[in-house]
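The next block holds one structure in the form of structure tokens; read it before the comments.
Because the structure is a prediction, the values reported are computed rather than measured. All residue numbers in this chain count up from 1 along the given sequence. One-based numbering, in listed order, for ligands and for the atoms of each.
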Amino acid sequence: MPFTANRQFKKAPRMFVAAKDMHYTTADGRQVLDGTAGLWCCNAGHARPRIVEAIANQAAELDYAPAFQMGHPKAFELANRLVDLTPDGLDHVLFTNSGSESVETALKVALAYHKVKGEGSRTRLIGRERGYHGVNFGGISVGGIVTNRKMFGTLLTGVDHMPHTHNLAKNAFSRGLPPHGADLADELERIVTLHDASTIAAVIVEPVAGSTGVLIPPAGYLQRLREITKKHGILLIFDEVITGYGRLGTPFGADYFGVVPDIMVTAKGLTNGVIPMGAVMVSADIHDTFMQGPEHLIEFFHGYTYSGNPVASAAGLATLETYKEEGLLTRGADLAPKWEEALHSLKGLPHVIDVRNIGLVGAIELQPIDGQPTKRAFSAFLKAFEQGLLIRTTGDIIALSPPLIISESQIDEIVTKLAGILKTLD
Ligand SMILES: Cc1ncc(COP(=O)(O)O)c(C=O)c1O
């Protein structure tokens, strides 16, 4: 099983057999409140009729069309809808089937863009410590989670990392953006000084680092990164696989921070998690740079059998329609004050060393058990599941990211259950 303690799972399987709106149903018939939108992806909740219907209809009408040298209308319709939704300056879309594939696609676009422009010496990719960019080789190379990297050889060469921004000594229990640490963006200047800008293709960061345990950028940090990348002709890639599609209370993290990257990486919420699909948005400058040479030639040698798959495209369109109809891409902003108050009420409970929040994302960081990192949070995860609540843990951090349809009383339910669990942890 993916990212699972396989032997532990086999001894006591946790199986879901159905889902509706905010709840899963377990194999033994219990209801579990979804505190994580599946895996940060079911932003509109579960089994939404419009999406279910669109998938069924599309499968009956046009199940598959070859992705290479052929097209079908829904992929173009979805691309146009996405261009309308993304910040001005992101004007073209490449479809993939996952966040990991979106990351690889973005990195390849960045390298190829410089090459086509005649700046082929720009081959270096810069990521960040504790970054998560999926599990393929490019993604784990620019990523910064040691467990995801250490087993897999030398990875991509020519990669460097900026420091992460997590600083409990200065920023613990911040509400929203932590006040300290914008200057960490200046580490990029140091890296540029070390390698020279002429060797650097792109910088990739998650606007809010999710999978590593919700690291919220210090106020001003992303703006500074944008300034530095622009100054040196380095492409800025935002990996919005988690922050995209309403998670922060804005359509994208780029909107929340008022920072437009050159390339945006998305997946998950694009289809509400129902059908695998990702989308990479690029600027007109990047797109246009490739559009040269004889017209019968392929401009960019990249793509997947299922890029823009008709059923996935239909799911994407129905998902965006559902988000629009129900105002879900901004609902997180309305709920954020309530969410913040509720989460921060956990301050002071046993083992809690930090609570942090932004939009409809939250994290509760626990003091690890001496010599047994991850055990305390995993035990909280198991207890929560027994008590009808789905949470997610990485290391000793509990991460929360409920569907954007959550009610205020369900927020209270999450926090009440968690408070009870925290009091009983070893
Ligand atoms: C920021 C980020 N990038 C990439 C990925 C990888 O996405 P996938 O699991 O769909 O390959 C994830 C998954 O959680 C993610 O959070």
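- At most 12 heavy atoms of other shown residues, nucleotides or ligands fall within 6.0 angstrom of atom CZ in Phe137.
- Residues Asp34 and Pro403 approach most closely at O-CD, 3.1 Å, considering heavy atoms.
- Among protein residues, Ser98, Gly99, Ser100, Tyr132, His133, Gly134, Glu206, Ser211, Asp239, Val241, Ile242, Lys268 come within 4.0 Å of ligand 1, judged on heavy atoms.
- For Ile140 against Gly134, the heavy-atom pair with the smallest separation is CG2-O, 3.6 Å.
- The aromatic rings of His287 and His92 sit parallel, their planes meeting at an angle under 30°, below the 60° perpendicular limit.
- By the 30° and 60° cut-offs, the orientation of the rings of Phe378 relative to Phe381 is parallel.
- Checked against the 6.0 Å centroid criterion, the rings of Tyr245 and Phe252 qualify as a close aromatic pair.
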